[in-house]
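Throughout, a chain's letter reflects where its sequence line sits, starting with A, and its residues are numbered from 1. The structure displayed is predicted, hence computed values, not measured ones.
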Amino acid sequence: MMGRQPVDGQDESRRTRTAPTVSVLTKLVARILLVSFLTTVCSFLALDQPVLRSVYFAVGDFLAFATHFASFAAPVLGPVWSDYWRSLILLVSALGVGLGLGVSLGLIAATRRDLVGVVAALVSYAGVLTPSFLLALLIMVFFVRGLGYWTGLQWIRITPSPGLPEPREILAPALTLGARPVAHIARVTAAHARDALRSGYVETARAKGLGPGRILVGHVWPNVAVPVLGAVRTSLLFSMSSLPIVEYVFGWNGAGLALFEAVLSRQVVRAAFLLAALGATFVAVATLVEALGLMIDPRPAGGGEVT
Amino acid sequence: LAIWHILATPSLSLGLLLGLGLVVVALFPARFAPYDPSYQTLALQQIGGTWMTAPFPPDSRFLLGTDVMRHDLLSRLMYGTGTTLAIAAGVVVVRLAIGLGFGWLVAWHHRTLRALAGVVASATATVPSLLFAWVVITAIGPDGGFVVFLLGLGLTGWAMWTQLLNDEVRHLQCQPYLKAAEAVGVPPLGMLRRYLLPALVPVALPALAQDLAAALLLLAELGFLGVFYGHGTVISPETLQQGTPYVDFNDWGGMLAGTRLEIFGDWWLPLAPSGAFFLAILSFTLLGEGLRAILDPLD
């Protein structure tokens, strides 16, 4: 049977639109499967045993796990899922804080040479230097002694509790978890915005009489957006790294704290699922960021690598 | 590096001053510490008209206060400087060895080997360092000692060195003098010694200082979670919730364990070691930025 002939290149354009989407989805699924497989295998490694013995038992345990997946997964899947989504709330909030504050601070530091610019640069510098637990402790004191005292509300949890977190309880851990993303994104934004502001096309736009706002939105931001997307990937890594500390300090029942307990009590299957879930999240975000970076990159094709 | 270069770069002079200060204290703690780290003050003392038990707050005798076992915190911090800096330096050496080894493979060797080394480097760059270090040290057991800490902290974070070496080699490979050296048959090791190392030093020195700061940051965070060098067993979250587990060992990380809720009462217990870590991290970060400003001004 003959297929329909392309009408005014309609099929061609559809093919070019769907091909990258299919490629991104395939890449995403393949990477998630690979990371889940590797983290699960690694979870079965008994690191306190000699190497060969450890590998031998890890392969055996993993095969038993793979063949009886349902019976292994059933008791842990529910708790792991509830731990995971609680952490996901924190991670998404932290990235939101990182993007919102980081981009603003970075643009201020790049465009203003006065005290405001210096303060913005110092805030991002302090975010890089301060250990996350120290920041968490200081934020905890502020929320308990300052905000809690004045508003009469409980803003943070001191001890972990199984119930749903109040929306206001997200604020303190999200701010702590977002501190390093804020600092990193602000530094990346400031560096690339400064480069863009010095470039020829911005000079031309200024000479043509464009206002600072339109230059920032129309000429600087498109060139800053791609590196900022790359910084989102690194920021997620920072946030995931600090997750156990922040969850421990703020009594947040999430994947970080659960992993803490699972490793100490040798609950291998629970640890495997938690690690796989966190690894898959990182891979999914990294792949999507990579694809988005290629889509919005204003440079010609081939020069849009997200670093 | 001339002295006027150092003086003209505030970040470098400040970083160098603080870094050297830390190294001197680490080497000769007995010269600077006001007390022996095992010295215990009286169990019951009258402070500000009130009878108190340990831990005692900072005053003129104990500038940073005492811990729960009545030891002077400042003295313990000074005696712990050497151990803490030694672990951080050891971690950097491990990262340097692995990272440069892989970088060498990626830059100079066969395409398949290069691709494989590149994949391994990219994969480790995506592992959260704190989680990895904590899982490895906890699973092996911190009683394994120095080597366990070096492995736990050094097996991630080395991809930066691979990238750095690879970038430099790729840059150098485009240079005509390197092509000429290759044409006259200079072996890879000879090229490494004559051309690559001199080009690498200005980029590597600042990165070295900043990697030291990153290793200290990891040590601090691990210590706060109850994993630190010198302690035989892992401290569980329940133990940490109950308060400060006292460890008869001078290590900054150990002093941080279990101090989470002390911030509301005996605030000097978490703040004194945190301050020491912050000062050390600041000094090496400033040193790195200052060195970069002088050695690699185009960056």
> In terms of heavy-atom proximity below 4.5 Å to chain B, should A:Leu129 be classed as side chain, backbone, both, or neither?
Replying inline: both
>> Rounded to the nearest 0.5 Å, what separates atom CG in B:Leu261 from atom CE in A:Met140?
In response: 5.0 Å
> So how far is it from B:Phe264 CZ to A:Leu137 CG, rounded to the nearest 0.5 Å?
Replying inline: 8.5 Å
> Roughly how far, to the nearest 0.5 Å, is OG of A:Ser242 from CG of B:Leu217?
Replying inline: 8.0 Å
>> A:Ser241 vs B:Phe132, test: side-chain contact (heavy atoms from CB on, under 4.5 Å). Steps then yes/no.
In response: CA-CA 9 Å; A:Ser241 199; B:Phe132 180 84; over 6 Å; no
> With side chains defined as the heavy atoms from C-beta onward, is the minimum distance between B:Trp267 and A:Val141 less than 4.5 Å?
Replying inline: no
> Between A:Leu243 and chain B, which part of the residue has a heavy atom less than 4.5 Å away: side chain, backbone, both or neither?
Replying inline: neither
> To the nearest 0.5 Å, what is the distance between OG (B:Ser274) and CG (A:Leu138)?
Replying inline: 8.0 Å
>> Testing the basics here: between B:Leu225 and A:Phe260, what is the closest heavy-atom pair and its distance to 0.1 Å?
In response: O-CZ, 3.5 Å
>> Please evaluate residues B:Leu271 and A:Leu134 with respect to the criterion side-chain contact (heavy atoms from CB on, under 4.5 Å), reporting the C-alpha separation (whole Å), side-chain torsions for both, the decisive distance (0.1 Å), and the verdict.
In response: CA-CA 8 Å; B:Leu271 288 191; A:Leu134 180 58; 3.8 Å; yes
> Where does B:Leu216 contact chain A at under 4.5 Å (heavy atoms): side chain, backbone, both or neither?
Replying inline: neither
> How many angstroms lie between OG in A:Ser132 and CD in B:Glu221, if you round to the nearest 0.5 Å?
Replying inline: 3.5 Å
>> Less than 4.0 angstrom from a charged side-chain N to a carboxylate O is my criterion; do A:Glu247 and B:Arg260 meet it?
In response: no
>> For A:Pro131 versus B:Ile281, what's the shortest heavy-atom pair and its separation?
In response: CG-CD1, 4.2 Å
> B:Leu222 versus chain A, heavy atoms under 4.5 Å apart: side chain, backbone, both or neither?
Replying inline: neither
> If you round to the nearest 0.5 Å, how far is CG of B:Leu130 from CZ of A:Phe238?
Replying inline: 12.5 Å
> After noting the C-alpha distance and the side-chain angles of A:Phe133 and B:Thr259, does the key distance pass the side-chain contact (heavy atoms from CB on, under 4.5 Å) rule?
Replying inline: CA-CA 10 Å; A:Phe133 68 85; B:Thr259 55; over 6 Å; no
> What part of B:Glu289 gets closer than 4.5 Å to chain A, counting heavy atoms only: side chain, backbone, both or neither?
Replying inline: side chain
